[in-house]
Amino acid sequence: MSLLKKTIGVSASVALAVSVLAVAPAQAAGKTLVVDTTFNLKTLDPGREFEPTGNMIDRAVYSTLMTFKGDDGSTPVPDLALSYKASSDSKVYTYKLRKNAVFSDGTKVTSKDVVFSLMRLKNLKGNPASLMDGIVATAPDAYTVVLTSEKANTAIPVIVCSPSLGIINSKLAAKEGAVSAAGADASDKAEIFLNTTSAGSGPYTLTKFSLTTEVVITANPKYWGAKPTYSKIVFRNVLPNVQRLNVQKGVSHIAADLSPTQASGMKNVNVVGGVGTTVWFLFTNANPKISPVTSNTDFQEAVRYGVNYDEIVKFAGTGAIQAAGVIPSAFQGSLKKADAIKRNVTKAKAALAKSTYKGEEIPLTYWGGGAWDGILFDDLAQKVAAQLKEVGINVKLTPTPIGDALTSYRDGSEQMGLWFWGPDWPDSSNYSENFGPGSKVGLRMGWAAGSNPTIEKIVNDVAAESNAAKRATLYRNFQLELNKNSPLMPLLQSPSVLVAAKSVKGILSNPIWKINLTELK
Amino acid sequence: MQQIKKSKNLTLAGNMSAKVSSSFAKFIYKRIAVGLLMMIGITFVAFAVTQVVPGDPAAVNLGQSAMSNPEIVARWRAEYGLDKPVPEQYMRYISKVLQGDLGISQHSRRPVSEDLAEYFPATIEIALVAIIFSIIIGFSLGILSAMTRDRLPDQLIRVLSLTGVSMPTFWTSLVVFYIFFFKLGWFPGTGRLDPGGDEPTHLTGLYTIDALVHGQFSIAWIALKHLALPAIVLATYTIGVLTRFTRASVLEILGNDYVRSARAKGLPEWLVIKRHVLRPALLSIITVAGVAFGGLLSGSVLVENVFSWPGLGQYAFKSAIALDLPGIMGVSIVVAGVFIIMNLIVDFLYRIIDPNLRSE
């Protein structure tokens, strides 16, 4: 029995040791803001970063030529540049820089830094390099920057707002191995430096960086603009389920990745809902070699009118809306609700009867187990399959690991695909350039150039049009035609939900950097 | 005469001892050599498996726009050597590994060795605490269970150990986190430290140890609080296994004739257990604990994700999602290395505990 007592004693000691650890949860003190988000982060080097978490952080660390305020993602406002002028052919943009802007080490920001940063991004040939495709930056004087595009490019004013085009301290960065000239992709060695010590002129500076745990930024004492409210911001990599508990418990101040369902019913917090810019879509491959069935226009019509869009929006939760067209509602030339495709079972069945479809199973490929903006691919695919079954189309769900799914999507071999598109830059040109026949997504849908001359003409016209009102009309026509005669079916715009502690004032969901951190009160 | 005999005996004992230590050294060398060969074999298997997995690493690591630019894609593939034939890729990789270079991670873009040096200590810290919890609790409960066979404590412990073994770790993590952090507030939230908290001065990468060594007691306390909950969750499965294993071993030994003889001689029960049961039971328990420790490293992925613990599990998960071959290979080598070392330690302990094995 003595041994029994000892055994019990040891167990009790362990239990006691554990209970001694019972403490109140840690509270963030003073003006520290704790943001919980699921990291989608590879680097904070602006010339290389192109991921949502990188955008969120770099927005606060690096100033750009122009920027957006609050939840806006379409109207550029001054940042390092006070103003800009566009040439009538939309090929030359001239930016006048403010003269009081300084980097965190006190060095003045000049046009040399801007040219260095933008040309470095271009020549690094990393993920965001395509933003500078066909664009060259030059500096006629210390406070003027000229961006010259090979072809008409009306998106430049919004492209320069991207955190990837953050301006770095060229002298400091060059000393640490940064290179802006051709060949930078091989010779630039500054990424590690920029992941440990920021070299920007934004309201914050980088204090701590970890890809998997925590990034800390602290207020830049030399910031030339209005001082931010929080002296320190801690970004933590946390699963959405845990984010929900943390923000409710008061351990964090903002939960950035909750779905509307997760956010509903939460108490003592502010839930900021908004419509995101991610557009989910379904496509049927238009290449007869991939599928003689899905490439049939009658079959496409059957799918187009067989989907129950209202049900899909309901499923996506509060804040989601039907994608009236492929261009998100916040952007120029987006369609109105009335223009959206509506379910018409009779029309769908009639089209299916006219098609070559004989009841075979059509594989629908998607990212198995994947989720975005709180929407699970598997659930959405099941919804679509069930709806198409009602009009007589047998869909075989084909969940696929992300690597494989991306490969089959990008090489255009999926018979039917369920995907989403987030803007590379916040402008409608991002859609007209990528969703027409023969374009990037067009080819992924097996939709070769020459398949729809009407749409292709609009795409060419809008690229050359510098008048904003005329461009808007062209974008609308582009989408109306897509909604009628294409293998693409826009489904929904996913919601964007932020949950914040009551103490956090002025929080808004931004389409590019998710949270307007530098404007919080 | 007696002195000569004594001297002969001593010489004989010395020879025996030298023979044993020589055979032991041979055993160690042999095991190390086998271990190294196994490591190379593991790199081959891991490399082959990653080649079989469908999917294009470029597609996962490059964005939409970058993927449509052949120049960017080609540069990326060349940077990671993916433009070479697969056998050449492997030979290049293995020759670099032999020089201590584990390559550059495709998702972190840093040397894999640096990544591992950053993430491995966090996992070792949690795994060490978990294995200590497991051994103390599992061993104690196992003995208690065996000694109260078929009585209430035994039944309760069996239910508990079965629960520990059968509950999915991810679910356990969430439930435990919800109860002990959110509802009761007994433990702090996720991560190794409080948000934005100062790290201890670096020495081993094990925050509790580093902080204590440097006299940073408040950091050590915070680190310990953060460590406790994930370590307990990680230990639940191992506690269950060790409890069941200890119970079975002890019951088996209790049925032996020499234990019955000891009892018949009137030895107190604690002495019977101490002298005749614990030592033989330890052999099998050490085997399980050794394997379990390796398992804790590879099984920490889910716990690390829930508790935002910046360890090898999270790194492995990110590498796998990004089809990051150097990252996956690096983790495989480290985990395999730990398994091999643990097996070596187990064999070594066997020889300490069981004298019969020393001369083999």
Side-chain angles (χ1 to χ4, degrees), chain A residues 1-4 6-8 10-11 14 18-19 21-26 28 32 34 42-43 48 50 125-131 133 185-186 191-192 208 210-214 216 232 234 236-239 241-242 245-246 248-249 251-252 401-407 410 421 424 434 440, chain B residues 53-57 59-60 62-69 71-72 75 107-110 118-119 133 136-137 140-141 143-144 147-148 174 177-178 181-182 184-192 194-196 222 224-225 228 232 268-270 273-274 305-308 310 314-315 318 321 323:
Chain A
M1 278 313 282
S2 161
L3 187 75
L4 257 177
K6 280 184 184 175
T7 310
I8 293 167
V10 170
S11 307
V14 173
V18 171
S19 64
L21 299 176
V23 284
T32 295
V34 180
K42 288 182 178 173
T43 176
R48 291 179 165 95
F50 208 38
K125 296 179 184 168
N127 266 358
S130 53
L131 294 174
D133 268 354
D185 53 331
E191 184 177 8
I192 291 173
K208 184 181 171 188
S210 161
L211 277 178
T212 52
T213 354
E214 194 173 85
V216 181
K232 187 197 262 188
V234 180
R236 302 192 307 171
N237 183 20
V238 177
L239 290 178
N241 285 336
V242 180
L245 299 179
N246 282 347
Q248 275 190 297
K249 191 78 180 168
V251 170
S252 71
I402 182 65
D404 200 19
L406 276 171
T407 305
R410 286 171 176 167
W421 181 273
D424 294 321
N434 287 303
K440 188 187 298 174
Chain B
V53 174
D56 179 4
V60 181
L62 292 176
Q64 300 259 8
S65 300
M67 263 312 278
S68 62
N69 186 331
E71 198 188 343
I72 292 176
R75 192 201 61 76
H107 81 275
S108 75
R109 293 197 269 244
R110 292 196 314 171
E118 182 180 331
Y119 297 116
F133 272 145
I136 294 172
I137 299 173
S140 309
L141 290 181
I143 293 170
L144 181 64
M147 290 176 65
T148 58
L174 285 173
F177 186 75
Y178 179 77
F181 159 70
F182 187 70
L184 300 174
W186 288 5
F187 292 89
T190 52
R192 293 181 84 183
D194 291 343
I222 292 168
L224 189 64
K225 286 190 292 180
I232 291 168
E269 187 67 11
W270 67 268
I273 298 289
K274 188 180 170 189
N305 264 307
V306 171
F307 288 95
S308 303
Q314 283 224 48
Y315 183 72
K318 287 232 171 202
I321 294 291
L323 298 177

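Below, read A as the first sequence line, B as the second, and so on, with proteins coming before strands; counting in each chain starts at 1. Quick caveat, the model's predicted, so the values are computed rather than measured.
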Engineer: Counting only non-hydrogen atoms closer than 4.5 Å, does A:K232 touch chain B with its backbone (N, CA, C, O), its side chain (CB onward), both, or neither?
Structural biologist: side chain
Engineer: When rounded to the nearest 0.5 angstrom, what is the spacing between CG in A:N246 and CZ in B:F177?
Structural biologist: 4.5 Å
Engineer: With a 4.5 angstrom heavy-atom cut-off, could you sort out which part of A:V216 is near chain B: side chain, backbone, both or neither?
Structural biologist: side chain
Engineer: What's the separation between atom OG1 in A:T32 and atom CG in B:D194, rounded to the nearest 0.5 Å?
Structural biologist: 11.5 Å
Engineer: Hey, does A:L211 have a side-chain heavy atom less than 4.5 Å from the side chain of B:K318?
Structural biologist: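 Side-chain contact under 4.5 Å: no.
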Engineer: Between B:E118, B:R109, B:Q314, B:H107, which has the largest tally of heavy atom pairs under 4.5 Å with chain A?
Structural biologist: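 Of the options given, most contacts go to B:R109.
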Engineer: Go through the atoms of B:F307 and report whether side chain, backbone, both or neither lie under 4.5 Å from a heavy atom of chain A.
Structural biologist: neither
Engineer: Report which part of B:L174 has an atom under 4.5 Å of a heavy atom belonging to chain A: side chain, backbone, both, or neither.
Structural biologist: side chain
Engineer: For a 4.5 angstrom cut-off between non-hydrogen side-chain atoms, does A:V251 reach B:F182?
Structural biologist: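 A side-chain contact is absent here, since even the closest heavy-atom pair is not under 4.5 Å.
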Engineer: Please classify the contact between A:N241 and chain B as side chain, backbone, both or neither, with a heavy-atom cut-off of under 4.5 Å.
Structural biologist: side chain
Engineer: Closest heavy-atom contact between B:P195 and A:V34?
Structural biologist: CB-CG2, 3.7 Å
Engineer: Could you check whether any side-chain heavy atom of A:V242 comes within less than 4.5 Å of a side-chain heavy atom of B:F181, counting everything from C-beta outward?
Structural biologist: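 A:V242 does not reach B:F181 side chain to side chain.
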